[in-house]
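To start, I am sharing the structure in question, which I have written as structure tokens.
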Amino acid sequence: MTTPPASEVTLKTYVGSVCEALDAADEPVTLVGHSRGGITISQAAEYRPGKVRKLVYLAAFPVPEGQSAANLTVTDTESLVLRNLEINREQKWDMLKQEVYRQALYADCPDADIALANALLTPEPSIPGTPPLCLSSENFGRTPRVYIELLGDQTVTRPPQRKMHDALPCEKVVSVKTSHSAYFSATYDIAAHLLAQA
């Protein structure tokens, strides 16, 4: 499958890929969304409520009905992202400046993982974060939610993480003392928490 250019990638593109995987699953699954991936799992749960057992937000955006990730991102005044973001409006992508990768994304990650991530990072499509989510109490609202907050996160900082999971309550909130890329810096802790939810 060919990856389309960033200018053609929408929230519908993301959610469509997740829904295809859900449709192929034999039983309901637990969806995990990291960072901006929170909007994708929320919208997928709206479209396939019977296929999603639980939603887990990992320093992610549990965006309420009618709001967008972009709306919430601009309120995070402590984040290193907004003031260090390169935006290409013509090609519709954004990307963190390389000089702040470590501090913003990988503050407590091993050097080898940072080197791998730096080699793999690409511009992120901007469009998916802009539309308001369409969520209902009948579909999305019936899906249990868990939030894993990352206490050392400099990308989605602690105050907005708390504000978001307070505004869209979760059945459980877990705190982990690590940076934004917890899958590198706290691999076993995160895996244990995810397995406990699955």
Side-chain angles (χ1 to χ4, degrees), residues 6 9-15 18 31-46 55-89 91-108 121 123-137 140-141 143-183 185-186 190:
V9 177
T10 65
L11 179 57
K12 186 175 180 180
T13 309
Y14 287 174
V15 177
V18 174
L31 288 180
V32 181
H34 174 251
S35 199
R36 203 186 293 184
I39 59 174
T40 303
I41 64 172
S42 293
Q43 199 64 70
E46 172 67 23
L55 298 173
V56 180
Y57 297 91
L58 177 59
F61 290 91
V63 177
E65 155 68 19
Q67 293 193 39
S68 70
N71 295 149
L72 298 179
T73 299
V74 296
T75 67
D76 190 353
T77 56
E78 296 180 29
S79 172
L80 291 175
V81 172
L82 284 179
R83 57 184 180 266
N84 291 288
L85 201 61
E86 295 180 17
I87 299 174
N88 186 312
R89 299 192 189 283
Q91 297 179 23
K92 296 182 171 49
W93 56 256
D94 54 72
M95 189 168 187
L96 195 62
K97 294 176 182 176
Q98 189 168 7
E99 57 265 29
V100 295
Y101 280 0
R102 179 184 288 271
Q103 187 180 359
L105 303 175
Y106 313 113
D108 50 0
L121 279 177
E124 185 170 9
S126 302
I127 296 171
T130 58
L133 296 195
C134 298
L135 307 173
S136 68
S137 56
F140 166 78
T143 310
R145 299 182 294 273
V146 172
Y147 198 96
I148 302 177
E149 59 179 18
L150 305 180
L151 304 183
D153 198 334
Q154 296 299 306
T155 295
V156 185
T157 63
R158 189 176 183 186
Q161 286 185 66
R162 291 264 165 103
K163 187 175 180 180
M164 286 187 289
H165 65 66
D166 285 348
L168 199 64
C170 298
E171 64 178 23
K172 185 174 184 180
V173 176
V174 177
S175 299
V176 181
K177 193 175 181 180
T178 188
S179 63
H180 190 65
S181 299
Y183 37 82
S185 58
I190 296 300

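In what follows, every heavy atom counts, from backbone to side chain, and hydrogens, waters and symmetry copies are set aside.
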Under the 3.5 angstrom rule, does the side chain of Q43 hit a backbone N or O of C134 as a donor-acceptor pair?
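Side chain of Q43 to backbone of C134, a donor-acceptor pair under 3.5 Å: yes, one is there.
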
Would you find a donor on one side and an acceptor on the other, under 3.5 Å apart, between the side chain of N71 and the backbone of S68?
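Here the side-chain-to-backbone pair exists.
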
Neighbour count above 12 (heavy atom, 6.0 Å) for R83 CZ
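Yes, enclosed.
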
Measuring centre to centre across the rings, with the benzene-like ring taken for any Trp, is H34 within less than 6.0 Å of Y183?
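Yes, they do, as the ring centres are separated by less than 6.0 Å.
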
Is the closest side-chain heavy-atom distance between F140 and E65 below 4.5 Å?
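Counting from C-beta outward, F140 and E65 never come under 4.5 Å.
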
Partners of E149 by salt bridge (charged side-chain N to carboxylate O under 4.0 Å, His left out), sequence neighbours excluded?
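Only R162 meet the salt bridge (charged side-chain N to carboxylate O under 4.0 Å, His left out) criterion with E149.
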
Do S79 side-chain atoms and T155 backbone N/O form a donor-acceptor pair below 3.5 Å?
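The answer is yes, because a donor-acceptor pair under 3.5 Å joins these two groups.
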
Side-chain donor/acceptor of Y106 to backbone N/O of S179, under 3.5 Å:
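No.
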
Spacing of CD belonging to E46 relative to OG belonging to S136, to within rounding of 0.5 Å
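Between atom CD of E46 and atom OG of S136 there are 3.5 Å.
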
Flag the pair L11 / I39 as yes when at least one side-chain heavy-atom distance between them is below 4.5 Å, and no otherwise.
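A side-chain contact exists here, since the closest heavy-atom pair is under 4.5 Å.
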
How long is the span from the OH atom in Y14 to the CD1 atom in I127, to the nearest 0.5 Å?
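Here the interatomic distance stands at 9.5 Å.
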
Report yes if some heavy atom in the side chain of L105 is under 4.5 Å from a heavy atom in the side chain of L121; otherwise report no.
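Yes; the side chains approach each other to less than 4.5 Å.
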
Can a donor-acceptor pair be found, under 3.5 Å and without considering hydrogens, that links the side chain of Q161 to the backbone of V156?
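Present.
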
If you apply the rule side chain to side chain contact (heavy atoms under 4.5 Å, CB included), what do you find for W93 with V9, and how did you get there?
CA-CA 10 Å; W93 56 256; V9 177; over 6 Å; no

Identify, with sequence neighbours excluded, every residue that meets salt bridge (charged side-chain N to carboxylate O under 4.0 Å, His left out) alongside D94.
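Listed in chain order: R36.
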
